[in-house]
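Heads up: the structure comes next, in C-alpha cells.
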Amino acid sequence: MSATPALFQPLRVGDIALQHRLVMAPMTRLRGDQNGVLSDDAITYYSQRAATPGTLLISEGVFVSPGHGGFPNGPVLHTAEQVAAFKKVVDAVHARKSFLYIQLAGCGRGAMPSILETAPGGPYPVVGASAIPLTGGAIPHALTREEIEEFVKVSAQAALKAVNGAGADGVDVHVGNGYLLHQFLDTNANQRTDEFGGSVENRARFPLQVVDAFVAAVGAKKVGVRVSPYNDYQEVKMDLPNTLETYSYFFSEIKRRHPDIAYFSALEARFTGTDDVEAPKEETLDFLYDLVKPTPFFYGGGFTLETANETAETKSNSAIQVGRPWTSNPDLVERFKQRLSLTNYDRSTFYTPGPVGYIDWPTAQLSEVLVEA
Ligand SMILES: Cc1cc2nc3c(=O)[nH]c(=O)nc-3n(C[C@H](O)[C@H](O)[C@H](O)COP(=O)(O)O)c2cc1C
C-alpha cells in the first residue's frame, strides 16, 4: 500500500485539481430569504467547510428560476442579487483555495403551492412530467413541449450565471431525489405519450437536453451529473431491470456525447430522503462506475471513514461524497485525516432558518477545549 491512502491523494475533476477525495455532498439548508437570496451566513457556512485547501464542495440544490422553486427560503439563481450573494460564497471558498460547484434543479411536483403562488413574478403552477400528484399533494401541470424548451433555456442561463456571474468552478445537474428531471426518468412520475415518455430514450430526452445545454453554456469540464437510481424519496423508484436499463442508457449517452464531462455522481441505495434505510444487496452503483470509468465517479450515501477508504482504494478515480456528518463537522477532512471522532449531526436544524445548527459547530480543537472547560 502506498504511504498516502487513496482517499487523500489528488484527483483531477474537469478543470480543477482536488487535493483529496472527500467531496461535500449537496445539502439543502433553506437559509436563503423569501426572494431566493442566500444569506450572509452561507458565506461562513461554506467557507468553514472549505478549510482544507483543494476541497470540492457541492452547493445545496439551487432553483433555476422562481417558477421552478417551491420551498420556503430555498435559494434561486436568476436575479442579479441572487447571483451576487452566491459570488460572495464562491469568493470565500476560493480564498481557502477550495472549489465550489453549484447544484441546479427544478423542484417539480414536490413544490409547495403556497410558495409558488407568492414567488416573484408568480403565481406559478406546480409542474411535473405528468399530472400525477404526490400522495396528498397538488396535481401537477404536465409540462408542455414549449415549457420543456423554456426550462432547458432558463437552466442554461442559470449555469452561465453560476460560472460566469458567481464564479463557481462548475455546475451539478440534479437528476436525483425525485426532483423535476428525475420525474421524467422515472415511470412512476412520467406516463407521457409524447417523445418525452415511454421508452428509455424518450424518458431520458429532457434530462439529456438539460445536460447538453449546460455543456454548451459552460463546457463539459465544468459540468457534473447527479442521480439516485434506487431512491424512493418523492414517490419514485422503478423495479431493478428498469432501473439498470434507464440509468445505464442515461450515463452512457452523456459519456458518449460529452466524453470530457467533469464527473458522474450517484447515491447509494442505503440512503433515501434524509434517512438511512436497509438496501437489498443487488442495488449497487458499480454498474454505473464501470460504464463511465475512467471519468471521476462520486459515490455518496452513508459513508464512514472506513468505507470511504475502502471505496477510494478499490475504485480508481472515485471520490466520496459526505453529507450529514459535514453539517456538524466543519473540519471533516482534517478529522478524517487525523482519525478524530466526529460530532453527531442534529437533524432538527437541517432546514431551520438562521445561524443555529448551521455555522455554530466547533472544529476539533475547539471541541476538545469545550470538553475540558
Ligand atoms: C438535509 C439534507 C439536504 C439534502 N439536500 C440535497 C440536495 O439539495 N441535493 C441533493 O442532490 N442531495 C441532497 N441531499 C442528499 C445528500 O447529498 C447526501 O447524498 C445524503 O445526505 C447521504 O449522504 P450522507 O449519508 O453522507 O449524509 C440532502 C441530504 C440531507 C440530509
Side-chain angles (χ1 to χ4, degrees), residues 26-39 59-79 81-82 85 103-155 157-158 173-192 194 196-197 203 206-207 210 228 231-237 272-275 347-354:
M27 277 180 295
T28 293
R29 304 300 309 273
L30 302 183
R31 260 70 176 195
D33 68 13
Q34 284 177 341
N35 293 318
V37 178
L38 217 48
S39 71
S59 82
E60 58 211 281
V62 178
F63 298 120
V64 296
S65 71
H68 286 287
F71 294 151
N73 309 319
V76 181
L77 202 60
H78 195 63
T79 66
E81 198 189 353
Q82 291 159 353
Q103 185 183 63
L104 293 171
C107 199
R109 65 179 178 166
M112 293 166 67
S114 59
I115 299 297
L116 292 180
E117 271 155 30
T118 53
Y124 303 98
V126 173
V127 300
S130 296
I132 304 170
L134 292 176
T135 305
I139 297 177
H141 159 70
L143 287 178
T144 63
R145 286 194 178 92
E146 292 69 33
E147 288 162 346
I148 286 175
E149 217 170 283
E150 184 55 34
F151 183 88
V152 173
K153 233 184 266 166
V154 84
S155 295
Q157 285 163 5
V173 191
H174 195 355
V175 197
N177 298 357
Y179 289 99
L180 183 66
L181 296 178
H182 193 173
Q183 290 164 31
F184 273 76
L185 277 185
D186 192 289
T187 49
N188 293 287
N190 181 352
Q191 290 175 12
R192 299 174 72 102
D194 62 3
F196 295 101
R203 281 181 281 120
F206 176 35
V210 174
S228 56
N231 201 324
D232 63 4
Y233 184 60
Q234 305 205 79
E235 298 172 27
V236 287
K237 182 169 180 169
T272 195
T274 55
D275 297 306
R347 62 177 62 242
S348 76
T349 55
F350 278 169
Y351 300 122
T352 45

Rounded at 0.5 Å granularity, tell me how far [atom1] in [X] sits from [atom2] in [Y].
X      : Y      : atom1 : atom2 : answer
Ser39  : Leu30  : OG    : CG    : 11.0 Å
Asn231 : Asn177 : CG    : CG    : 5.0 Å
Glu150 : Thr144 : CD    : OG1   : 9.5 Å
Ile132 : Gln183 : CD1   : CD    : 9.5 Å
Leu185 : Phe206 : CG    : CZ    : 10.5 Å
Ser130 : Ile139 : OG    : CD1   : 12.5 Å

[X] versus [Y], closest heavy-atom pair with distance:
X      : Y      : value
Ala189 : Ala129 : O-CB, 3.7 Å
Pro113 : Ala138 : CG-CB, 3.9 Å
Gly61  : Pro75  : O-CG, 4.2 Å
Ser65  : Val76  : C-CG1, 3.6 Å
Asn190 : Gly197 : OD1-CA, 3.7 Å
Pro125 : Leu116 : O-CD1, 3.4 Å

Take His78 and Val154 through the side-chain contact (heavy atoms from CB on, under 4.5 Å) test and state the conclusion after the steps. CA-CA 9 Å; His78 195 63; Val154 84; 3.8 Å; yes
Run the side-chain contact (heavy atoms from CB on, under 4.5 Å) test on Gln234 and Leu134 for me, step by step, so that the C-alpha distance in whole Å, both residues' side-chain angles and the decisive distance to 0.1 Å come before the verdict. CA-CA 7 Å; Gln234 305 205 79; Leu134 292 176; 3.8 Å; yes
Would you check if the side chain of [X] reaches a backbone N or O of [Y] as a donor-acceptor pair within less than 3.5 Å?
X      : Y      : answer
Asn188 : Lys237 : yes
Glu60  : Pro26  : no
Tyr124 : Pro120 : yes
Ser59  : Gln103 : yes
Arg203 : Thr187 : no
Arg109 : Leu180 : no
Glu235 : Thr135 : yes
Asn35  : Val37  : no

Could you go through the side-chain contact (heavy atoms from CB on, under 4.5 Å) check for Tyr233 and Thr274 one step at a time? CA-CA 9 Å; Tyr233 184 60; Thr274 55; 6.0 Å; no
Which one of Tyr179, Phe151, Phe63 satisfies the ring-ring contact (aromatic ring centres under 6.0 Å, His included) criterion with His68? Phe151
Take Ile115 and Phe71, measure what side-chain contact (heavy atoms from CB on, under 4.5 Å) needs, and give me the verdict at the end. CA-CA 6 Å; Ile115 299 297; Phe71 294 151; 5.9 Å; no
Does the side chain of Thr352 reach to within under 4.5 Å of the side chain of Arg31, using non-hydrogen atoms?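 Yes; the side chains approach each other to less than 4.5 Å.
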Does Gln34 reach the side chain of Thr118, with side-chain heavy atoms less than 4.5 Å apart?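 No, side chains not in contact.
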Other residues, nucleotides, ligands: >12 heavy atoms within 6.0 Å of Glu147 CD: yes
Between Phe184 and Phe196, how do the two ring planes meet: parallel, tilted or perpendicular, split at 30° and 60°? perpendicular
